[in-house]
Amino acid sequence: MSRTVIIGANHAGIAAANTLLDNYKDQEVVMIDRNSNLSYLGCGTALWVGRQIDDYHGLFYTSEEEFAKKGADIHMQTEVSHIDFDKKVVYAHPLDGKEDFEVSYDHLLLTTGSRPISPNVPGKDLDGIHFLKLFQEGQAVDKELAKEDVNTVAVIGAGYIGVEVAEAAKRRGKKVLLFDAAKTCLANYYDPEFSSLMEENLKEHGLELHFGELVSEYKGDANGRVNQVVTKDGNSFDVDMVINAIGFGPNNVLGKDHLELFANGAYKVDKHQQTSDPAVYAAGDCATIYSNAADADTYIALASNAVRSGILAGHNIGGTPLEAIGVQGSNGISIFGLNLVSTGLSVQSAPKFGIEVQYSDFEDLQKPGFMKNNDKVKIRLVYEKSSRRLVGAQLASKADISMAVHMFSLAIQEHVTIDKLSLLDIFFLPHFNQPYNYITMAALNAK
Ligand SMILES: Cc1cc2nc3c(=O)[nH]c(=O)nc-3n(C[C@H](O)[C@H](O)[C@H](O)COP(=O)(O)OP(=O)(O)OC[C@H]3O[C@@H](n4cnc5c(N)ncnc54)[C@H](O)[C@@H]3O)c2cc1C
Ligand SMILES: NC(=O)C1=CN([C@@H]2O[C@H](COP(=O)(O)OP(=O)(O)OC[C@H]3O[C@@H](n4cnc5c(N)ncnc54)[C@H](O)[C@@H]3O)[C@@H](O)[C@H]2O)C=CC1
């Protein structure tokens with residue numbers, strides 16, 4: 001038997017544990033997590049808090065009992081305090097008063113994930129200031145929104161969590177102020193021509209937008225509860241609660257002094273999810289991931305990546321050498337009926353990776369004009385200037401155009417050129433698209 005200790009039993013840890021337990025009978029699997037729950041789908045928080053779904057019960061997809069049944073030695077509410085990498089021993093501290101214990105390993109898998117970044121400004125620890133990662137943090141926000149004296153909510157960061165929770169708070173009847181240091185929302189995913197559609201949508205639904213305004217201080221009342229947000233240019237806003245959503249940082253506490261790290265502190269892993277210590281693997285939000293579009297290691301915190309990298313780590317630890325094929329960071333958002341999806345690099349993000357790009361835009365109705373229930377689709381294809389390989393795609397529509405992005409993801413992965421894309425066999429049926437469909441037209445328009 002070979003023993004693998006997995007620290008962190010959420011999406012990446014779960015995927016790896018299932019892979020090991022389902023495929024490798026010679027594997028003893030020990031799972032340790034400090035949280036009391038596992039497998040919470042954070043993507044559902046805004047849906048539940050905004051009352052678009054009835055409750056949170058469906059947001060957990062497995063349980064401690066399931067793993068115990070499969071033969072894992074699972075310890076929830078147990079924090080790993082430190083690791084002796086030379087002796088290959090993990091030291092664990094149960095948070096429910098039980099005795100500390102240690103466990104040795106043949107392989108160690110770090111799936112310790114990420115934590116939200118805290119804005120480092122005066123007043124950041126006042127009551128009424130929230131983060132939104134764990135289920136418990138979702139519950140705390142939900143409870144605050146139920147209070148009648150909580151009328152004005154400030155959301156700091158207009159990325160994916162910020163925009164989604166701003167919609168949720170608005171749906172709960174609150175006045176919502178949405179701040180971002182960048183001049184647009186969703187700046188990490190979309191060019192301004194696309195994020196501006198989301199901005200119009202948010203404004204139409206009554207949200208107050210403060211983009212390009214950096215929060216410099218939170219002020220509180222005599223009871224230590226936040227009641228004001230102050231920005232760098234001296235403006236102040238009365239608020240009743242704050243939700244911080246300015247991005248995630250990797251949780252590298254256990255390995256940062258032993259393992260090689262990426263620029264932001266994530267564990268550097270190779271294509272087998274192996275770290276700089278051959279006995280130690282890492283996956284999910286605490287590790288790097290290879291971007292095919294950028295042709296470089298990068299950091300992209302997504303559950304989709306966590307699951308895939310967890311499966312990969314499981315197979316490699318189990319004894320089947322499997323190489324990662326890289327990712328495109330494909331993502332999507334749906335707010336008040338407006339859908340935005342993207343994959344790879346945008347025009348504004350490409351220069352950060354030293355890639356010179358050109359782009360091609362197209363906008364038209366999704367279906368022929370004679371069809372009913374017909375919405376506009378806006379598309380941008382981004383391609384490398386020298387090689388003409390596709391490196392990114394963005395789409396926006398009130399129609400569900402989300403599946404198109406998966407094809408672009410594959411095209412980026414396989415280094416397909418924009419010219420090849422323009423001749424791709426795409427079927428035509430009035431129910432779904434036009435004879436000159438938006439994918440072909442965007443590719444044909446490329447200079
Ligand atoms: C509100 C919200 C919405 C999201 N929506 C989406 C979405 O729609 N699509 C998408 O792809 N992604 C989404 N994400 C991102 C996604 O949730 C993360 O990328 C994902 O959780 C990463 O999984 P992970 O297993 O790598 O890490 P985590 O989920 O961070 O899990 C790490 C685990 O490690 C445990 N741990 C850490 N340190 C220790 C220690 N010392 N001892 C014991 N245990 C430890 C933690 O308790 C935790 O359970 C969303 C995130 C949030 C917060
Ligand atoms: N639909 C999806 O796929 C979802 C994915 N996620 C993932 O979870 C992770 C965390 O999400 P977010 O926290 O929303 O990160 P994010 O990276 O999406 O957005 C962070 C935003 O905060 C802004 N910002 C940074 N520093 C700031 C500061 N000091 N003041 C004000 N604004 C500042 C940035 O400009 C950016 O717009 C991301 O990787 C995201 O992709 C989260 C929710 C939904």
Side-chain angles (χ1 to χ4, degrees), residues 6-16 31-49 75-83 90-93 95 110-121 131-135 137-138 141 155-165 168 178-190 195 210-216 231-232 243-255 282-287 299-310 329-335 340-342:
I6 300 176
I7 308 177
N10 213 23
H11 307 304
I14 286 170
M31 300 166 77
I32 305 176
D33 199 298
R34 65 181 167 210
N35 205 344
S36 54
N37 63 71
L38 70 166
S39 81
Y40 178 64
L41 290 167
C43 57
T45 302
L47 292 173
W48 149 54
V49 167
H75 304 263
M76 295 304 293
Q77 294 189 75
T78 302
E79 185 161 45
V80 171
S81 52
H82 63 287
I83 299 160
V90 165
Y91 296 87
H93 171 66
L95 302 171
L110 296 171
T111 41
T112 48
S114 54
R115 280 298 302 151
I117 299 167
S118 173
N120 193 14
V121 296
F131 293 95
L132 206 59
K133 172 87 202 278
L134 305 176
F135 169 58
E137 290 166 332
V141 166
V155 177
I156 317 300
Y160 268 165
I161 293 181
V163 170
E164 288 179 353
V165 77
L178 180 57
F179 292 85
D180 201 293
K183 290 223 157 22
T184 65
C185 64
L186 306 176
N188 292 339
Y189 313 92
Y190 301 93
S195 52
H210 297 276
F211 298 159
E213 291 187 49
L214 186 67
V215 171
S216 58
T231 59
K232 201 174 163 211
I243 302 167
N244 286 320
I246 64 165
F248 288 175
N251 178 1
N252 65 4
V253 177
L254 294 170
D285 280 9
C286 66
Y299 182 75
I300 306 174
L302 283 174
S304 47
N305 292 342
V307 169
R308 272 191 297 272
S309 59
S330 303
N331 59 79
I333 188 165
S334 181
I335 300 290
L340 259 62
V341 292
S342 83

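Start at 1 and go down the list; that is how both ligands and their atoms are numbered.
- Using a 4.0 Å cutoff on heavy atoms, L302 counts as a contact of ligand 2.
- Heavy-atom separations between Y40 and ligand 1 are all 4.0 Å or longer.
- Under 4.0 Å from ligand 1, heavy atoms of D33 appear from its side chain as well as its backbone.
- For L214, the heavy-atom gap to ligand 2 drops under 4.0 angstrom.
- At the shortest separation from atom 30 (O) of ligand 1 among protein heavy atoms lies K133 NZ, 2.5 Å.
- Nearest protein neighbour of atom 10 (C) of ligand 1, counting heavy atoms only, is A303 N, 3.4 Å.
- Residue contact check: A301 has heavy atoms under 4.0 Å from atoms 7 (C), 8 (O), 9 (C), 38 (C), 39 (O), 40 (C), 41 (O) of ligand 2.
- When only non-hydrogen protein atoms are considered, atom 21 (O) of ligand 1 lies nearest to H11 CD2, 3.3 Å.
- Taking 4.0 Å as the cut-off, P119 does not count as a neighbour of ligand 2 on heavy-atom distance.
- Polar contact with ligand 2: absent for F179 (N/O pair, distance under 3.5 Å).
- At under 3.5 Å, a nitrogen or oxygen of N188, whether backbone or side chain, sits near a nitrogen or oxygen of ligand 2.
- Nearest non-hydrogen protein atom to atom 29 (O) of ligand 1 is N10 ND2, 2.8 Å.
- Ligand 1 lies less than 4.0 angstrom from a heavy atom belonging to T78.
- Contact annotation for I14 and ligand 1: no heavy atom of the residue comes within less than 4.0 Å of the ligand.
- For N251, the side-chain contact (heavy atoms from CB on, under 4.5 Å) partners are R34, T112, V253, not counting sequence neighbours.
- With values rounded to the nearest 0.5 angstrom, I32 atom CD1 is found 11.0 Å from E79 atom CD.
- Side-chain atoms of S114 and K133 form a donor-acceptor pair, as typed in the model, at a separation below 3.5 Å.
- The ligand atoms of ligand 1 that sit less than 4.0 angstrom from a heavy atom of L302 are 10 (C), 11 (O), 12 (N), 19 (O).
- Within the listing of ligand 2, atoms 22 (O), 32 (N) sit less than 4.0 angstrom from a heavy atom of G157.
- A centroid separation of less than 6.0 Å is found between the aromatic rings of Y160 and Y189.
- Within the listing of ligand 2, atoms 12 (P), 13 (O), 15 (O), 20 (C) sit less than 4.0 angstrom from a heavy atom of G247.
- Contact annotation: for F248 versus ligand 1, heavy atoms closer than 4.0 Å belong to the side chain alone.
- Of all the atoms in ligand 2, the ones that sit under 4.0 Å from a non-hydrogen atom of E164 are 1 (N), 43 (C), 44 (C).
- In this pair, Y40 and F135 present their aromatic rings tilted. The plane angle is within the 30 to 60° band.
- Here the heavy atom of the protein found nearest to atom 52 (C) of ligand 1 is I161 CD1, 3.8 Å.
- Contact annotation: C43 has no heavy atom less than 4.0 Å from any atom of ligand 2.
- Remark: ligand 2 and L186 share no N or O pair separated by less than 3.5 Å (distance only, no angle test).
- The heavy atom nearest to atom 8 (O) of ligand 2, considering only Y160, F248, Y299, is found in F248.
- Residues T111 and I7 have side chains not in contact (no heavy-atom distance under 4.5 Å, counting atoms from C-beta outward).
- Between the choices G113, S304, A9, C43, the shortest heavy-atom distance to atom 4 (C) of ligand 1 belongs to C43.
- No donor-acceptor pair under 3.5 Å is formed between the side chain of E164 and the backbone N or O of I161.
- Scanning I246, D180, V121 for the heavy atom closest to atom 28 (C) of ligand 2 points to I246.
- Protein heavy atom nearest atom 1 (C) of ligand 1, with residue, atom name and distance: G42 O, 3.4 Å.
- Each of the atoms 40 (C), 41 (N), 42 (N), 43 (C) of ligand 1 lies under 4.0 Å from some heavy atom of V80.
- Within ligand 2, counting atoms from 1 as listed, the ones closer than 4.0 Å to a heavy atom of G332 are 1 (N), 2 (C), 3 (O).
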